[in-house]
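Only a predicted model underlies this, so the values are computations on that prediction, with no experimental measurement involved. Below, read A as the first sequence line, B as the second, and so on, with proteins coming before strands; counting in each chain starts at 1. Just so it is clear, the values below take in all heavy atoms, side chains as well, and ignore hydrogens, waters and symmetry mates.
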There are 2 protein chains.
Amino acid sequence: MEWTIQELADKVGVTSHTLRYYEKIGLLRNIRRNENGVRVYTEYDLSWLELIRCLRNTGMPIEGIRQIVELSMQGDHTIPARKQILREHRRKVEQQMEELKNYLDKIDGKLKWYSEQMPD
Amino acid sequence: MEWTIQELADKVGVTSHTLRYYEKIGLLRNIRRNENGVRVYTEYDLSWLELIRCLRNTGMPIEGIRQIVELSMQGDHTIPARKQILREHRRKVEQQMEELKNYLDKIDGKLKWYSEQMPD
DNA sequence: GCTTGACTTAGAGTTCACTCTAAGTGGTAT
DNA sequence: ATACCACTTAGAGTGAACTCTAAGTCAAGC
């Protein structure tokens with residue numbers, strides 16, 4: 001399966017601007033072109049993009065993602081380093097979930113208080 | 001228990017700038033002053049601030065929080081309306097958690113893949 | 001008496017990650 | 001042929017929520 005820039009953008013929920021931007025800043029690498037110079041995205045590119053969005057949506061800054069991309073360009077011997085970064089990030093995501101859970105409890109507490117003030 | 005602006009800021013993890021800012025834009029109301037015009041924050045103010053931070057940290061924009069504050073200024077008859085807003089927000093927080101859980105799975109998948117490529 | 005920390009207004013600056021524009025070229029589809 | 005979508009570079013603009021500065025005043029504590 002292959003996609004144009006607009007197709008991939010729609011599929012993943014970003015704009016074509018963003019895809020060119022990601023390429024320019026080095027998050028997406030070696031995007032193939034057709035005979036007219038038009039970008040052709042592959043499954044491989046999609047899977048990278050999905051990882052990028054996953055990391056971005058869980059709060060990893062661009063710079064951190066670029067590190068991972070950079071490492072993976074350098075070959076399999078950087079897998080342990082990449083794994084390390086990802087594990088660290090995983091920890092942070094777990095913390096986010098913990099935090100969110102506490103906030104949810106706080107919201108529930110407030111809702112309960114509202115109900116006590118005025119049952120509906 | 002009562003606090004100066006700096007004490008409250010430290011307690012809650014914001015800056016004194018932010019506390020004055022929140023007051024200026026109407027998130028914190030009727031902050032008491034001592035005889036020299038210095039702000040004195042009470043437990044009541046603290047509980048508001050904690051709610052504000054909870055809502056902000058779960059993604060509610062300033063404008064939404066201001067709505068709740070505005071309503072609560074208008075008396076108990078607005079409790080159902082406030083409750084409605086909070087319930088809606090609660091739903092969004094649950095969605096965030098769901099999303100985070102999915103991302104965590106994705107990260108775990110990638111970590112697993114790394115391990116298959118290079119066990120450590 | 002000097003430092004520290006509070007106060008004021010008004011507005012400028014920061015951060016991050018996009019997001020878009022201009023101004024031009026060129027292939028594809030109707 | 002006329003949209004439409006792709007491409008380029010270079011840079012400007014956006015949004016949200018802070019975050020800080022200037023320039024001055026004032027009171028408390030050492």
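- Here B:Leu27 contributes atom CG and B:Ile52 contributes atom CD1; the two are 5.0 Å apart, rounded to the nearest 0.5 Å.
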Atom pairs and distances, side-chain donor-acceptor, residues 33-47 of chain B, under 3.5 Å, sequence neighbours left out:
| residue | atom | partner | partner atom | Å |
| --- | --- | --- | --- | --- |
| B:Arg33 | NH1 | B:Gly37 | O | 2.8 |
| B:Asn34 | OD1 | B:Asn36 | N | 2.7 |
| B:Asn34 | OD1 | B:Gly37 | N | 3.2 |
| B:Asn34 | OD1 | B:Val38 | N | 3.0 |
| B:Arg39 | NE | B:Glu23 | OE1 | 2.6 |
| B:Thr42 | OG1 | B:Tyr44 | N | 3.3 |
| B:Thr42 | OG1 | B:Asp45 | N | 3.3 |
| B:Thr42 | OG1 | B:Asp45 | OD2 | 3.2 |
| B:Tyr44 | OH | B:Trp48 | NE1 | 3.1 |
| B:Asp45 | OD2 | B:Thr42 | N | 2.9 |
| B:Ser47 | OG | B:Tyr44 | O | 2.9 |

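- Salt bridge status for B:Lys112 with B:Glu116: present, with a side-chain N to carboxylate O gap under 4.0 Å.
- Taking atom CG on A:Leu8 and atom C1' on D:dC5, their separation rounds to 16 Å, with Å as the unit.
- Between A:Gln6 atom CD and C:dT19 atom P there is a gap of 13 Å when expressed in whole angstrom units.
- Every pair passing salt bridge (charged side-chain N to carboxylate O under 4.0 Å, His left out) that includes a residue from residues 94-104 of chain B is listed here, sequence neighbours excluded: B:Arg90-B:Glu94.
- If you check residues 22-53 of chain A against DNA chain D, the residues with a heavy atom closer than 4.0 Å are A:Arg33, A:Gly37, A:Val38, A:Arg39, listed by number.
- Rounded to whole angstrom, the span from the OH atom of A:Tyr21 across to the P atom of C:dA17 amounts to 7 Å.
- Distances shown here put every side-chain N or O of A:Arg20 at or beyond 4.0 Å from the OP1 or OP2 atom of D:dT9.
- The distance from atom CG of B:Asn57 to atom P of D:dA16 is 18 Å, rounded to the nearest whole Å.
- Between B:Glu88 and B:Met60 the shortest side-chain heavy-atom distance does not fall below 4.5 Å.
- Spacing between atom CE of A:Met60 and atom P of C:dA17 amounts to 11 Å, rounded to whole angstrom units.
- Checked for salt-bridge contact, A:Glu50 and A:Lys11 miss the test: no charged N lies under 4.0 Å from a carboxylate O.
- In this structure, B:Ile5 places its CD1 atom 12 Å from C1' of C:dT8, rounding to the nearest Å.
- Within the 4.0 Å cut-off from OP1 or OP2 of D:dA6, not a single side-chain nitrogen or oxygen of A:Ser16 is found.
- Distance, A:His17 NE2 to D:dA12 C1': 13 Å, rounded to whole Å.
- Note: CG (A:Leu19) to P (C:dC20) measures 13 Å, nearest angstrom.
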